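Heads up: the structure comes next, in structure tokens.
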Number of protein chains: 2
Amino acid sequence: MSSDPSATELGELLVAASRVFSQQGRARFGEYGLSPARVRLLTTLHRRPGSRMRDLADTLGVSGRAVTPLVDALESDGLIARRADPDDRRAFRLTLTDTGLATIDQIADLQRQVSEEIFSGLPARDRNDLARLLRAFLDTASAREC
Amino acid sequence: MSSDPSATELGELLVAASRVFSQQGRARFGEYGLSPARVRLLTTLHRRPGSRMRDLADTLGVSGRAVTPLVDALESDGLIARRADPDDRRAFRLTLTDTGLATIDQIADLQRQVSEEIFSGLPARDRNDLARLLRAFLDTASAREC
DNA sequence: TATTGTTATACTCTATAACTATA
DNA sequence: TATAGTTATAGAGTATAACAATA
């Protein structure tokens, strides 16, 4: 038994739990043509309106190359708009259209439905504790990235 | 404020935390040619030696079709072996080779390294609480699937 | 020179559907 | 008929590298 025998198990539990949630969400969102990557991009953009594509790539933790086709598709579906950046002629500023904002509402509804369903078996107190611990973990993890 | 305003946030936290862990793991395992799907298949097979491909697909929660190329690749790399099922001539029994078992050890090492690194900022008590809550969540979630 | 975003290309993972060989 | 596994085909998501335009 080493210094922390449960670190590995903790990682496995985290991934397994997330997988349960993601698979449920993927199925539910899929009915509305919303893939995980699209949802992530839309909600990220909603939190940071006017982001450039590079900003989005950094925030999402993916390569710049991965953003282009996603934005292409979302733009062609009328959910987001590319606008020229007045300060940098190489860049675009991305914004949600009215349709995109309506989709954000739909996403929020679906997320709430899936979340309440999936966490319904967990007592409220456990849910609160879990949220607190996950927040603490994310704080320490993101602090170490800098 | 509805019955449980934090369910959505809890889902987001769970996915975000898992993503931190997975991205770190993906990078680390990738150095050894171990993709997430390969690791999942190998560790699952290690827990259930002699599984048939259909069993693996069910356990992994993917289509049968997704298993074939994975098994092909792992077999051609000498990590697993297909053996005819004596009771059903349509089916294969999969087993880990010695090389596959060595890879399992390597995977365990890497998982431990990544886990200890990523959870190092979280006090031991929080880690234990987090593990307990995730286990409780998985229990309720998998109970509902039946 | 460095950076923004694109095109070109390729890889991993997954799915559905049609097929074969067995059950 | 149903099932185990394969082949065929397709799609999403991502990566690296090379490029154009701009900083």
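A quick note: this is a predicted structure, and the numbers were derived from the prediction, not measured. In what follows, chains carry the letters A, B, and so on, assigned in the order in which the sequence lines appear, proteins first and then strands, with residues in each chain numbered from 1.
- Between B:Thr68 and the phosphate of D:dT7, there is no side-chain N or O to OP1/OP2 separation shorter than 4.0 Å.
- Atom CG in B:Asp88 sits roughly 8 Å away from atom P in D:dG5 (whole-Å rounding).
- Note on ring orientation: taking the six-membered ring where Trp is involved, the planes of B:Phe119 and B:Phe21 are parallel (angle under 30°, cut-offs 30° and 60°).
- Phosphate contact (OP1/OP2 of D:dA15, side-chain N/O of A:Ser63, threshold under 4.0 Å): present.
- Considering only side-chain atoms of B:Ala37, the nucleotide from C:dT6, D:dA4, C:dC13 that sits closest is C:dC13.
- Between the P atom of D:dT14 and the CZ atom of B:Arg19 lies a distance of 7 Å, rounded to the nearest Å.
- B:Thr59 is listed as a side-chain neighbour of B:Arg48, based on a closest heavy-atom distance under 4.5 Å.
- Residue-to-nucleotide contacts include no donor-acceptor pair under 3.5 Å from the side chain of A:Arg65 to the base of C:dT6.
- Between the side chain of B:Arg54 and the base of D:dT3, no donor-acceptor pair of N or O atoms lies under 3.5 Å.
- The side chain of B:Arg82 places an N or O atom within less than 4.0 Å of a non-bridging phosphate oxygen (OP1 or OP2) of D:dT6.
- Sequence order on DNA chain D of the closest nucleotides to A:Arg89 and B:Asp72 puts B:Asp72 first from the 5' end.
- Comparing D:dT14, D:dT22, C:dC13 by their closest approach to the side chain of B:Pro36 singles out C:dC13.
- The distance between atom CZ of A:Arg52 and atom P of D:dA21, rounded to the nearest whole Å, is 20 Å.
- Residue-environment remark: CG (B:Asp98) stays at or below the threshold of 12 foreign heavy atoms within 6.0 Å.
- Taking atom CZ on A:Arg83 and atom P on C:dG5, their separation rounds to 14 Å, with Å as the unit.
- B:Asp85 comes within 4.0 angstrom of no nucleic acid atom, judged by non-hydrogen atoms across all strands.
- One interatomic measurement links the two molecules: CG of B:Asp58 to C1' of C:dT14, which rounds to 16 Å at whole-angstrom precision.
- Going from atom CG of A:Asp87 over to atom P of D:dA23 covers 10 Å, rounded to whole Å.
- Hydrophobic clustering (ILVMFWY, side-chain heavy atoms < 4.5 Å, transitive): A:Leu138 and A:Leu60 are in distinct clusters.
- Looking at B:Arg54, B:Arg90, B:Arg93 one by one, the single match for salt bridge (Lys or Arg N to Asp or Glu O under 4.0 Å) with B:Asp85 turns out to be B:Arg93.
- Across the interface with DNA chain C, nearest-nucleotide mapping of A:Arg90 and A:Met53 shows A:Arg90 to be the residue nearer the 5′ end.
- What separates CG of A:Leu94 from C1' of C:dT4 is a distance of 12 Å, to the nearest Å.
- B:Phe29 places its CZ atom 17 Å from the P atom of C:dT12, with the value rounded to the nearest Å.
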